[in-house]
*Asks:* 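Pasting in a structure now, in structure tokens, and then I'll have a few things to ask.
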Amino acid sequence: MIRFAKLFCCLFTCFLIFNYVSAQEKLSFNKGWKFYQGDIPFPEIQGHTNTYSNAKAGKAWGAAAPEYNDQSWRSVILPHDWAVEGGYDSTQNVSQGYRKRGIGWYRRHFKLSNADRGKHLEIQFDGIATHATVWFNGTVVHRNWCGYTSFYIDITSMAKYGDELNTIAIRVDANAMEGWWYEGAGIYRHTWLLKRSPIHIATDGVFAHPVQQNQQWTIPVEVTVENHGTQSEEVIVESKLFNAQKIEVATASKQIQLDIFKPQNANYNISVLNPLLWSVEHPNLYTVVTTVKKGDKVIDELTTKCGFRTIRFDKDSGFYLNNVRLKLQGVCNHQDHAGVGVALPDALWEFRLRKLKEMGVNAYRCSHNPPSNEFLNLCDSMGILVLDENRNFNASPEYVRQLEWMIKRDRNHPSIILWSVFNEEPMQGTEQGYEMVRRMSAVVKQFDTTRPVTAAMNGGLFSAKNVSKAVDVVGFNYQINSYDKFHKENPNLLLTSSEDGSAYQVRGEYQNNKQKNILNAYDTEAAPWGATHRNAWKAIAERPFLAGGFYWTGFDYRGEPTPFTWPSASSFFGIMDVCGFPKAAYWIHQAQWRKDIPVLQIVPHWNWPSDSIGKMIKVMAMSNTDSIKLLLNGKMVGAQKVDKYEMNSFQVAYKPGKLEVIGYKNGKEVAKSKVETTDLPVAIQLVAYKNTIDNNGTDAMPVTVRVVDAKGREVPTAQNLIEFSINENATIIGLGNGDPNSHELEKGNQRSLFNGLAQVIIQSKENTSGVVVLTASAKGLQSATLQIPINRVALAPFVPLTASAIYIDSWRMSPFTAVKPDATITLSDNDMNSWFPVKSNELQSFANEQYALFTTNFTLNDVNTKATGKIILKRITGKAEVWLNNVLVGKKDQFAQGDIQVPFESMNGSYKLTVLIESEKNKRSGLGGTITVMPEITSNK
Ligand code: GAL
């Protein structure tokens, strides 16, 4: 009986979680964009009428104007990074990876149904690199000054419905730079349209992050609700907590009074008994479903995730997660990947984080900017701790707004353990720096008091007034020689390394060749300010007062090719290369960080030229076992006790064959690894990262390309040029091989292997079925064909596509006259008031007077073909004459509503369009529908 009751309860609550009316729609706005690379200067405004209208809402010029002709622009799907599409250029900025950035324009048209009228509409841009100006229906609606912060635009008041067209135009200035690394160019994160009720939860308006007080878990919930309706209302705000099995475990609510346009907070606590804790090993997540109800009717609903965990920093013993000491085994990273620049499909983020987790990473520093939301969701679900970092160090209003945004968007993520307000700011050791951090820290605390504030300092630590006294946790960048001194002088301060390492390696290279910008991967090369992988970690691991470290960097990134410049274009700092292929450093960290599996790997490869026979070759073994034995062709050539920090090195006289290493723990063999001399490659192999691909057009995966010899052994020294082709079910969105000196294009269908490896990134297409077939071929090698089964999934909701078109909807209307007016009349340029501004799609009330003129001017640009044009005037009520440039071109002789279609030899230039309307007495007549001069052509993807 009890079991039955439980089951019933469970079914009932499951039913509840799914039974809510979905009161808000979040639609992907990634598809259907038009893109132009380059700037489109605004026309010079001349004349009084133009100058007057230029100052008005809705009247943008040039490519910002709704009626601009973008039909010849390229169609793109977001996320998009145009900087990665081109080649390398030595005249471009070294730090940005020698890629041309420049300026670009995006436009998107869309229609809203009449049923959307009355809803609250918001467009959201998760990230545009770098400065963006956004126009909506001809009005500038936002200027964004940070390439890493989202922005949300309420378009409700300016939106058009039914047949009318809405247009978003965005000018992106990527010449602006905010970093000294590759930042990409364009709309490189997701974009959304949200449709909500006029009474709705504000964007980023739910803060529901569990805290533990006196052994009791509570979620202090704060929900910000807005009322954009026309009357004040009483609503119930309620949050229900569900566990991973979708069972409701707790709930709380509050009734609030909502005045119009006055955001109001509802605060209440949810008490939770014995929740499953969130940890790096078991990242248990709960779901908070927050609803706003009017009576019984759910009018808005938002789902957020949360995790129950405690964090604590201790001045002597470092960091604690759930009261268990945990050394932060962290990496710093930028956000670009091979082939795609910064426009990473979410699936690629998952791939990168999985690689890091496999290596033993438990912490990630988003250097030096806030990451995407999807990235943080992945860290929550994979159990990776995050240091979330603000981009711009500045305590003035616009930058405080950016900081506020970061905290408000991110504060529900259990993965986040630290907020960083800066990285290496020259003012860090000054009174000014101290004052700025004090203010910025106060901003953080206003929105979240549960995580400490840090700043990544690379100096100024010992000056009289410095930032270390204004933060909660001091972050050290490259302070290996000051750890002890600082701790001794400041025994009460909480400390972590925020950035360390900066050692150089090129994957698969074991000899320096500085003429060719190549550095070996034995972990001997470090930046003068940095340390090798081994030294950096040893210094942290041996100091309990340091919470941990964040190695610079987990992956290579474009730009900052230190210690070289051209032709090197990517960094050498990565533990993995820009594709995510491991360098030797990967196994050093894995051996040091993973305790749960035996780790054992040897380098280098064993494919040395014949003149190396008999020469001594350095062999490095990376292991977390107790001791290792090295055998060459079955004969023991060395045995050592494992040095857990230094790892183990041997000198071995080269002889082709098999070099094998065996690892022992407690006297028992637990791991083996080998390198073998191979023959020349004979065949290509393609290895997919995942077994299937979802047919939603967004799923993506890296495919590893390698070659094998006749015995099936991978050839780690191969550099063959490989060509790819793919069937109609997917696309190749990028290619890479991890060579920091390569200038091969990252788009296209061919790539050379670099030291045995290359990567092809494929993305699914929508609504396909069957298999994706990727083929790789190369001269003299047997081709490879990879078949990836397609997984059929539902498409995520998106904003329907609307093709480009030119709608003319701003008109001026003459006073009504009893006598038929002259349609060629031109109003004086300084007369703003005799004729009234009206829009099409709206009839006018004619009283006794029977006539009126409607006139507008439009300019056509970029029209390549004559004659395809036509002017279509829909739902004209009254008798009508259509005059183009003072010539009668069309007519309608009945009073009844009807369409007029006028042939139009469209050419670049300015046009005057006038419609003379004769109305029946006391009728509503005029321009009752849309008016297009370049009808929609379907070219959008
Ligand atoms: C640090 C800086 C990083 C990167 C690194 C290279 O000073 O924070 O962004 O430039 O040096 O070593």
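Counting starts at 1 for both ligands and their atoms, in listed order. If you read the sequence from its start, that first residue is 1, and numbering goes on from there.
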*Asks:* Compute both the distance and the angle, then confirm whether R312 meets the cation-pi test with Y320: under 6.0 Å from the six-membered ring centre, within 45 degrees of the axis.
*Replies:* yes
*Asks:* Which residue pairs satisfy the salt bridge (charged side-chain N to carboxylate O under 4.0 Å, His left out) criterion with at least one member in residues 535-551, sequence neighbours excluded?
*Replies:* D484-R543
*Asks:* What pairs meet the side chain to side chain donor-acceptor pair (under 3.5 Å) rule with one or both residues in residues 325-334, with sequence neighbours excluded?
*Replies:* none
*Asks:* Show every salt bridge (charged side-chain N to carboxylate O under 4.0 Å, His left out) that has at least one partner inside residues 505-514, sequence neighbours left out.
*Replies:* R507-D577
*Asks:* Let me know which protein residues bring a heavy atom to under 4.0 Å of ligand 1; chain then number is fine for ordering.
*Replies:* W180, H368, N423, E424, N477, Y478, E499, S502, W529, W552, E560, F573
*Asks:* Do other residues, nucleotides or ligands put more than 12 heavy atoms under 6.0 Å from the NZ atom of K644?
*Replies:* no
*Asks:* Just by distance, no angles: are the side chains of S570 and Y557 close enough, under 3.5 Å, to form a donor-acceptor pair?
*Replies:* no
